Amino acid sequence: MTFPVSDHVAKMKGSSTLIAAQAAADMRARGIDVLDLSVGEPDFDTPDFIKRYACEGLEKGLTRYTSTAGMMEFRSAIVDFYAMRFGAELHVAEVAASCGGKQALFNAASTILNPDDDVLIPKPYWVTFPEIVTFCRANSVYIDTEDTDFVLTAEQVAAAITDRTKLLIVNSPNNPTGRVVPPDEMVRIVEVCASRGVYVLADECYLFFAYPPAEPFSLASLPADLRQFVCIAGSFSKTYAMTGWRAGYTIANPEWTKAMIKLQSHSATHPTSFVQYACAAALRDADDTIAAVNAMTGEYERRRDWLIPELNNIKGFKCPMPEGAFYAFVDVRGCFGERFGSSGEVADHLLREAQIVATDGEGFGAPGFIRFSYATSMENLERAIEKMRGIFGTSD
Ligand SMILES: Cc1ncc(COP(=O)(O)O)c(C=O)c1O
């Protein structure tokens, strides 16, 4: 029997990043020692003080439903944290809790898109963006950013907007490129969209992983007249090494927020109650939280500073310095010729010959590129570089 999967879900593709992760898991299960540079998840454990807050929440009896929008304590902690960190003037009516950044993105897109609306997505993109658009029966319209070294500009957005455009999805710091759109350019992008009645869905899940001189910048700090066109998808997953906790939130105008809460009332309802408690307590404990985030950011930066020159020294590899997130997005077209005809073949070779798991750029809309995650130990990175030098040679 063929199961009649709905048309729009049948059209969705599986996540290529999870396919790479599965390849690594399968090899490990066969006893093979893999170097997994495909993971999009911090290699750190959740800071102990946040774990303790979750236990405290349980001890206080937070085991029941909360409001669908999230506990008032959670929402107001977000408002106060963004005021303290970014000078944002938010109201709790603009904040709703969600089960991770992914649900925040799904809530936002599903409550604004109608079938056949156009959604602008800068390329390369995080794999989930086009699939959410497909799920909403809308159309993904891509903006190629290779000419600007993968940093989206207001000019590119202005040129791409048409009467059918409803939404732009932006992600800075970016997965997969690690590039950061400078704050003044990001503001110009929102201004262009607002002037044409286009809304902006800003995935800020790597918000704090911006390396000096780049600085964390949130669209929450925009004045209210511009902010009304923006929905921020926020997440505790990467920033606080809490991927498994499934904690995220949206910041959007009160009407958009209300629609998302209505939708969520018929799906996940809300994130786990004692998780919300722990997240709120962590944000209130701003000194410890910021210190923990800074320690992780410092370590990612140290790895980045070592890794990128090493990658650029491998024959055929080219990688601009990423300003944020924890990914190196390498142009491997210099390796094409007799041995390799595509980035997929390069990634495949790395897997078979060196047991290095990396993600082919094809899934991010960027064939010819490979994404390496440096959310792994320095020792793994050193071993991976050693093996890649052996395979491709060096350019010095
Ligand atoms: C760009 C981007 N957005 C959102 C997410 C989702 O994160 P979560 O649902 O764990 O908050 C990820 C995870 O890899 C991501 O890379």
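What's counted below: heavy atoms across the whole structure, side chains too, no hydrogens, waters or symmetry copies. Heads up: numbering here begins at 1 and tracks the sequence. Values in this document were obtained by computation on a predicted structure and should not be read as measured data. In each ligand, atom 1 is the first atom listed, and ligand 1 is the first ligand listed.
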Cation over ring face, K315 and F392, 6.0 Å, 45°: no
Neighbouring protein residues of ligand 1 - any heavy atom closer than 4.0 Å: G100, G101, K102, W126, N171, N175, D203, C205, Y206, S235, S237, K238, R246
ILVMFWY cluster membership beyond V34 - transitive side-chain contacts under 4.5 angstrom: M27, I32, L351, V357
Pair W256 and Y199, ring centroids less than 6.0 Å apart: yes
Side-chain polar contacts of residues 208-218 - donor-acceptor pairs under 3.5 angstrom, sequence neighbours left out - could you list them?
from: Y211; atom 1: OH; to: A325; atom 2: O; distance (Å): 2.5
from: S218; atom 1: OG; to: E204; atom 2: OE1; distance (Å): 2.7
from: S218; atom 1: OG; to: A220; atom 2: N; distance (Å): 3.0

Salt bridge R383-E386, side-chain N to carboxylate O under 4.0 Å: no
Side chain to side chain donor-acceptor pair (under 3.5 Å) involving T68 - partner list, sequence neighbours excluded: none
